[in-house]
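Please read the structure below before turning to the comments.
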Amino acid sequence: MAVSSIDPRKNFSMLLKAFSLIEDKNIKLYIVGGQAHIYSTSIKELCDNIPTDRIKWLGRITDSELKEYYMNACCFIYPSLYEGFGIPPLEAMACGTPTIVSDIPPLREVCSNASLYICPLDTEDIARKIMLLVSDIELRERLRIAGYNQYKRFTWKNSANAVYDLLCSL
């Protein structure tokens, strides 16, 4: 599962190319998020030369539907090239979904040791990590537990307390 707008920095072109390398035809990729008109890349352009029979573009969905998809996904993948923070990986972790994210500083900070990391420009690495997580039940469970514990660090209450403590220290 992947969640994001179809923004070039979200790196869907590499994800789709990597997904086409996965030989197990039972694995499907569900993509949640809409096409923003400000971006020149279209879903049609992203799918050029990529077999799409196993790729499901869901578009925008309700919060309850999103939660259901997270909870039923084998894994969540976020191959972003640039992030300021990274809310979708935390959403996945909160729902108990193991995560695969780009090895970039903001996602290292958000996900810590609770995620598998990929080089977002290496389709083989992306495909290999997806297959690793799909095939390794123990790794999925370890990341599910670590992810849930990591998510707790970023609750609204913890964030408010951190800001309060910072302001009190000034």
Side-chain angles (χ1 to χ4, degrees), residues 1-36 39-83 86-104 107 110-111 114-148 150-151:
M1 175 179 176
V3 176
S4 178
S5 64
I6 310 304
D7 172 341
R9 73 183 165 95
K10 300 301 184 171
N11 204 23
F12 278 105
S13 62
M14 294 301 273
L15 173 59
L16 294 173
K17 287 174 187 170
F19 193 74
S20 71
L21 298 176
I22 294 174
E23 294 178 7
D24 184 341
K25 303 305 178 201
N26 293 316
I27 299 172
K28 292 181 176 44
L29 175 62
Y30 291 82
I31 300 174
V32 176
Q35 172 75 48
Y39 303 117
S40 59
T41 305
S42 71
I43 291 171
K44 182 183 180 313
E45 290 170 318
L46 285 172
C47 292
D48 279 351
N49 302 315
I50 303 284
T52 58
D53 56 319
R54 296 181 300 132
I55 300 169
K56 310 297 180 199
W57 293 91
L58 302 175
R60 289 184 171 88
I61 60 177
T62 67
D63 288 345
S64 60
E65 290 171 323
L66 179 60
K67 183 177 179 182
E68 283 296 313
Y69 276 103
Y70 275 131
M71 293 177 74
N72 289 300
C74 180
C75 67
F76 171 81
I77 182 143
Y78 203 62
S80 185
L81 298 171
Y82 172 82
E83 285 300 319
I87 296 285
L90 281 178
E91 291 176 338
M93 290 177 184
C95 293
T97 307
T99 57
I100 302 169
V101 299
S102 290
D103 193 357
I104 58 175
L107 295 178
V110 169
C111 299
S115 188
L116 285 182
Y117 290 90
I118 54 167
C119 172
L121 300 175
D122 184 342
T123 55
E124 290 181 9
D125 185 41
I126 296 168
R128 192 171 38 253
K129 296 288 174 48
I130 291 171
M131 284 310 303
L132 174 62
L133 205 47
V134 166
S135 64
D136 190 331
I137 295 169
E138 290 177 14
L139 177 60
R140 276 199 321 266
E141 182 61 13
R142 184 174 58 78
L143 289 177
R144 186 190 68 73
I145 292 167
Y148 191 74
Q150 180 68 9
Y151 141 79

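For the single chain, residues carry numbers from 1 onward in sequence order.
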Open item on the list: Looking at E91 and K67, is any side-chain nitrogen of the basic one under 4.0 Å from a carboxylate oxygen of the acidic one?
Closed with: no

TODO: Determine the minimum heavy-atom distance between P120 and S80, stating which atoms define it.
DONE: CB-O, 4.0 Å

- [ ] Taking atom CD of E124 as the centre, report whether more than 12 heavy atoms of other residues, nucleotides or ligands fall under 6.0 Å from it.
- [x] no

- [ ] To the nearest 0.5 Å, tell me how far F12 CZ sits from D7 CG.
- [x] 9.0 Å

TODO: Would you check if the side chain of K28 reaches a backbone N or O of K25 as a donor-acceptor pair within less than 3.5 Å?
DONE: no

Open item on the list: Any heavy-atom pair between the side chains of L107 and P89 that's under 4.5 Å?
Closed with: yes

Open item on the list: Using the rule side-chain contact (heavy atoms from CB on, under 4.5 Å), only one of L58, T97, V3 pairs with Y69; which is it?
Closed with: L58

- [ ] Determine, for E83 against K10, whether the closest basic-nitrogen to carboxylate-oxygen distance falls under 4.0 angstrom.
- [x] yes

TODO: Decide salt bridge (Lys or Arg N to Asp or Glu O under 4.0 Å) for R140 and D136; before the verdict, give the C-alpha distance in whole Å, the side-chain angles of both, and the deciding distance to 0.1 Å.
DONE: CA-CA 6 Å; R140 276 199 321 266; D136 190 331; over 6 Å; no

TODO: Could you tell me the separation between the SG atom of C95 and the CZ atom of F76, rounded to the nearest 0.5 Å?
DONE: 10.5 Å

Task: Aromatic ring pairing Y148/Y151, orientation class (parallel under 30°, perpendicular over 60°, tilted between) - done: tilted

Task: Nearest atoms (heavy-atom pairs only) where I22 meets R54 - done: O-NH2, 3.2 Å

Open item on the list: Would you compute the distance between atom CE of M93 and atom SG of C111 and round it to the nearest 0.5 angstrom?
Closed with: 3.5 Å

- [ ] Can you spot which of L143, I130, L132 makes a side-chain contact (heavy atoms from CB on, under 4.5 Å) with I100?
- [x] I130

Open item on the list: Quick check for you: to the nearest 0.5 Å, what is the distance between I31 atom CD1 and F19 atom CZ?
Closed with: 8.5 Å

TODO: Working to the nearest 0.5 Å, report the span between CG of L116 and CG of L133.
DONE: 5.5 Å

- [ ] Would you check if L29 and L15 make a side-chain contact, meaning some heavy-atom pair closer than 4.5 Å?
- [x] yes

TODO: State, yes or no, whether a side-chain contact exists between S64 and L66 at a heavy-atom distance under 4.5 Å.
DONE: no

Task: Where C119 and D125 come nearest, the two heavy atoms and their spacing - done: N-OD2, 2.7 Å

Task: L121 side chain near L81 side chain, heavy-atom distance below 4.5 Å - done: yes

Open item on the list: Keeping R144 on the side-chain end and P98 on the backbone end, is there a donor-acceptor pair under 3.5 Å?
Closed with: no

Task: Heavy-atom closest contact (V134 atom, I27 atom, distance) - done: CG1-CD1, 3.8 Å

- [ ] Evaluate the side-chain proximity of V101 to V110: yes if any heavy-atom separation is below 4.5 Å, no if none is.
- [x] no

TODO: Would you give the length of the straight line joining atom CD1 of I126 to atom OG of S102, rounded to the nearest 0.5 angstrom?
DONE: 7.0 Å

Task: Sidechain-backbone polar pair: N11 side chain, P79 backbone, donor-acceptor under 3.5 Å - done: yes

TODO: Please report the closest heavy-atom contact between L139 and R142, naming both atoms and the distance.
DONE: CD1-NH2, 2.8 Å

